[in-house]
Amino acid sequence: MIKPVILWSDVLIYLLVISVVAFLIQLRKRPQTRERWRSVFTSKVGMVSFVVIAFYVLVALLDSLHYREALPPSGEGEQTTAYSSEVKSVLDVVLHNLHESNEKTYSAPFAIYSFAKENLEADDGSIYRDYPRLEHAGKHLDDPSERTGDILWRTLVALMTGLLIAAVLIGLHKYVLRGSDGDNGIPWKAAYITIAILSMFTCWVIQLSEFYHVMGTNKVGADVMYSSIKAIRTGVLIGTLATMVTLPFAIILGISAGYFKGLVDDIVQYLYTTLSSIPSILLIAASVLLVDVYIETNAEEFNLTILRSDFKFLALCAILGLTSWTTLCRLLRAETLKVSQLEYVQAAHAFGVSHGNIISRHILPNITHIILIALVLDFSMFVLAEALLSYIGVGVDPSMHSWGNMINAARSELSRDPFVWWPVISAFLLMFTLVLAANLFSDEVRNAFDPRTVKEGN
Amino acid sequence: MATYIIRRLLYAIPILIGVNLLTFALFFMVNTPDQMARVQLGEKHVTEADIEQWKAERGYDQPLFINSEAEGMGTLTQTIFFEKSIKLLAFEFGKSDEGRSISADIKERMWPSLAVSIPTFIVGILVNICVALLVVMFRATSFEVAAMALCVMLLSISPVFYVIGGQFFFAKLWALVPISGYLPEEPWRFVLLPVIVGVIAGIGAGTRLYRTVFIEEANKDYIRTARAKGVPELTVLFRHLLPNGMIPVLTSVVVIIPSLFMGSLLVESFFGIPGLGSYTLDAINAQDFAIVRSMVFLGSVLYIIGLLLTDISYTLVDPRVKLS
Amino acid sequence: MTNNTVLQVNDLKVRVGQRGHELVKGISFHIDQGEIFALVGESGSGKSLTSLSIMRLLPNALQVAGGSIVLRDTHLFRLTEAQMNDVRGKRIAMIFQEPQSSLNPVQTIGDQLKEVIQLHQDIAASEMNQKMISLLEEVGIPEPAARLKWYPHQLSGGQKQRIMIAMALACEPELLIADEPTTALDVTIQRQILELLDKLRKSHNLSVLLITHDMGVVAEMADRVAVMQYGEILEQADRDTFFKNPQHEYSRRLINSLPGMDHYLSANSQDNLLSVDGLKIWFPKKKGILQRTVGHTKAVDDVSFSVGKQETLALVGESGSGKTTTGKAILRLNEIYGGSIRFDGQEITDLNRKAFMPLRRDIQIIFQDPFSSMNPRMSIREIIEEGMLSLEVGQNEQEREATMQRLLDRVGMLPEHLNRYPHEFSGGQRQRIAIARALAVNPKLIICDEPTSALDVSIRGQVLDLLRELQDELGVSYLFITHDLSIIPHLAHRVAVMKNGQIVEQGATEQIMRSPQHPYTQQLLAAAPRSPLEHAS
């Protein structure tokens, strides 16, 4: 028996996905825009980075379907640790191997012994200090020396499974594509390879996690890989939601300032100069502090931890968005000023076309490239910002999985001896892949849409 | 020129008032001093009396805007708004919630901040420009492709990792410099690593930006004229492209020069530099609103000075620009 | 190759990248000592690529795919880059089309001049200044000693081009390449620069490769002519032979693009459609701390004229004369400071946005640049239909569709072009579409703002012909704004000449063209390129 839990951030992210899909369908009608998008996807870099981003988004979406399990009847085996107040997501089902085999404390990747010595009792009853075997990892091994062979064998099996799944997916895609005119320049091969790698990686993580902790465990013995993967949702959502908050401000204010000029322009310029004059990190920190105060004074409204952390998360997205629209606004204002001097806008004036129509038909479509480029760039900026803010202590709730929180913990972990390097490396790799993919994708979008680079390319 | 500067300074007034009102609204209206006190005192078991005492000690016990109990000007001056916001405009930062003088703290802590931020700023710009020039020199070769790919990668790494990595390798593994800390007597030993980390963290973004500027400049007509005169490629780069490319580069960095006073939250806290950055961060973590408010205001003032400097720097480096 | 030959180009090919298509397809020509060789062609003909190939300054994306270029006895393609730098600026010098952007904006004139001299000549520092001053004197820069310390932005476009010429001449080159040296300049300045070039050619016995699209310039300057189209030389001949007996159909079209000045339209209209009286368009000048208005920039000052029904008034002037501002003010695209504009008897200066709406149906405009006058993201149908929808012309969709198809057909386009986008059309085609767009709302007056100046010369005549035919058919009036006197006899019944925001002279076309009274008009007429046929005979 399960009971769905709908968080506000879940609703927003799904609404966003739906509107993006609707927007893309709408765009398909415009041959020029379609042509530009096609040129994004005809580059190998664009295609690969898109597949990677799509994979991250898929993980985030799976992690945004939340539910609560009913308490199982007592005495149902050892896994009754699941509380009814624990909110799970569909992703947790996929990753149950990682999630449900906690150790006591740190353990290195693929270790079968703990990181810390403990008092152990020998067969003869004497007490000695040594590294104990882990509770879950490597439990199936009778002899620790079999470990390497076991890992290699299981890796091979997992990779083959991954390859098989990828082959099925690719085969399906080929089947769907069969009628259309060949490859029409889109580097499907690069996409297939990326999908195969991602699928192999996923299988590897899931299958090996049944027997080992592939990226070790953290201070409280939780699987590091699990935390890093759960942090994907935080990263992706903060990137998209915060960006979405900036858009209406930047677009509406930027265009009105550039189009109507005069008093409107003065007011908008005043607004963004004032806002951008405040050091953004301080403004964000101050606002987050205030949200904390609000949550603490209204604690009764946030009875579940996840409700509290979700509220704080959304507040953080809103704050990030509210403090970051000025750059895009300034760009749009400048571009609108330029476009509204162009002769086709003058021609529209000569035909008495209304302001609303001029903005929506002439101005907006001709500045979308700037919005689009900013959109993708902002995404990676916000992902990086989250890590920084969580590190400083004004980011997402500490109970939430996030790369920032993992990095924050790294401060003490790296000063241990021997140092605990795996949580920070794990967070680094997953975050780096996402941000790199987003940055590369934004470069391709810029190449395709920015008139200046389009000219240079010729 | 003088009239222009005066006009810009006058224009700064409404902006500072705006900043002031915004912070005031954030700190006193969205959240009341009562709530702040409760958070500061920590526990839910605090009594009303505790709260009143906390407020009285810090001057938060007055009305927000109008004090109907006071006489004469006092109705306006004996208020939180006057005491905590208007006085900021006169750079009277008052006392922190801990009871220390904020002005004194700022004066003491700005030097370590500057010791880190100024070298980082200067070395950073120089390195970025050199790398960007190198890339422009070898444009349309595989060197450019490789360099730009490297830049995207560097750019995609969170600055936090640079700090962690720098500290880990330079200080811990190779023990070249102290991990953290600061001694005013021999600052360079402690400043070296933060500066290196700061510069490396900025290379990706900086080089990409400057390269775009330089490439745009390289496509202009006057560069072609110089080549047609028979000027060798290196001379074209340094005598024609660089001075012109420096205009947008310089004017884009001038705005942050005043803000160097504020230091960097991240670098200072990670390296234990007792500057304004870590001061602010400590205040944030201790929820000391008085300090955060002062730093927000100071930051805005510095930014506005930066904007003014930007405009003035245009006239200095670009003969075409005259302020009016 | 004789001793007299300065430059020999053999089978030159330029292409995009390693395997791209060829932009210059194997051309050959030679230039003799002391002659001006004109390479004529329209945009995309490959003429500028040819000149850049000689300098070895092609953009990175392009490369020479074959052929040879020999300067005296130096094979240019065999030189190293360093050796080539000794040729550039010293043996071959070049001046470009855009004087505005061709000089380094942050270096003084003196520094830029000094640079080229120091590179190629051994001149003592003490003599340097004298050398530069005499160079500037030679190209006609007043107060040369003071000007050396000036920055480019302090000079006018014509003076900048003179500086470019001084830089080119500084090392006494064997060959001067002039790539459209006058195209970006006003007609009167154009004339001065051409005269300067001609003078220098004679005094220095210069060989010049003149690259241009302007047949008038060719007729006046060139000794020999080569016509280029699509990367090939169609024909080359000495000037007189070429103009008397062009071999190629395309050459004939280029030559005919310059109409003779012997046929004039006469003013015949009695009724005034538009009368402008004492029009003033002033922009406030603000100063001081409080930004008070201390005076006005008078873009248009006290201008009066009228346009009759089915008549064309040409408003002639150089850049900055206020002619375009005047045209846009009639459409209320600019704020009017004072004066009165009456259309069909109705005072229209003080109408508000809404009250002006019906008049937008009667007054329409065609812009100069066909590339920016249409929204690139809208189909031709949407572009033409927009005005009809906004001004409620046409009862329903079928009627509008029929009107659009008829109009496209009339301007020489196809009905199926409605579904296409602007970027799919050439400049001339776009200008036809722009005409159809203006006509779609049945205007009585069309303001034509330099509608042909962005077009290639061989297209200009066709568009002008179309405009004149439409006038005869539809009875529409034109206010034709132009800087190009040569097209006026073709089109205008009356002419008004503008300078510095004022009309200096107006009257019937024949009267103005044949016996101009005002010195400025005389100057303009003298500067206008004459028909090559007149010139050749």
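Lettering of chains follows the sequences in order, A, B, ..., and the numbering in each one begins at 1. From a predicted model like this one, the values you see are computed outputs, not experimental measurements.
Annotation: the span from A/W421 atom CH2 to B/I164 atom CD1 amounts to 14.5 Å, rounded to 0.5 Å. From B/I15, atom CD1 reaches atom OG of A/S277 across 6.5 Å, with rounding to the nearest 0.5 Å. Note: A/L436 CG to B/L154 CG = 10.5 Å, rounded to the nearest 0.5 Å.
Between B/L307 and A/T273 there is a side-chain heavy-atom pair separated by less than 4.5 Å. Side-chain contact between B/F161 and A/V424 is present, with heavy atoms from C-beta onward closer than 4.5 Å. Looking at heavy atoms from C-beta onward, A/P279 lies out of side-chain contact with B/Y303 at the 4.5 angstrom threshold. Inter-residue side-chain proximity for A/V435 and B/M153 is flagged as unmet; no heavy-atom pair is nearer than 4.5 Å. B/L22 is listed as a side-chain neighbour of A/I278, based on a closest heavy-atom distance under 4.5 Å. Side-chain contact between A/L440 and B/V152 is present, with heavy atoms from C-beta onward closer than 4.5 Å.
More than 12 non-hydrogen atoms from other residues, nucleotides or ligands lie less than 6.0 angstrom from CZ of A/F311.
The choice from B/G306, B/A283, B/G299 that makes the most heavy-atom pairs within less than 4.5 Å of chain A is B/G299. For the set B/V292, B/I17, B/L281, the entry with the most heavy-atom pairs within less than 4.5 Å of chain A is B/L281. Of the listed residues (B/L155, B/L16, B/I304), the greatest number of heavy-atom pairs within a distance under 4.5 Å of chain A belongs to B/L155.
Contacts between A/S276 and chain B at a heavy-atom distance below 4.5 Å involve backbone atoms as well as side-chain atoms. For B/S158, the parts lying under 4.5 angstrom from a heavy atom of chain A are both the backbone and the side chain. Neither the backbone nor the side chain of B/F297 comes within less than 4.5 Å of any heavy atom in chain A. Residue contact with chain A, scored on non-hydrogen atoms closer than 4.5 Å, involves the backbone and the side chain of B/I157 alike. For A/L275, the part lying under 4.5 angstrom from a heavy atom of chain B is the side chain only.
Taking 4.5 Å as the heavy-atom cut-off, the residues of residues 380-389 of chain A that approach chain B are A/L384, A/A387, A/L388, ordered by number. At a heavy-atom separation below 4.5 angstrom, chain A is approached by B/M262, B/L265, B/L266 within residues 260-268 of chain B.
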B/R208 vs A/D443, test: side chain to side chain contact (heavy atoms under 4.5 Å, CB included). Steps then yes/no. CA-CA 11 Å; B/R208 263 166 64 107; A/D443 277 0; 2.8 Å; yes
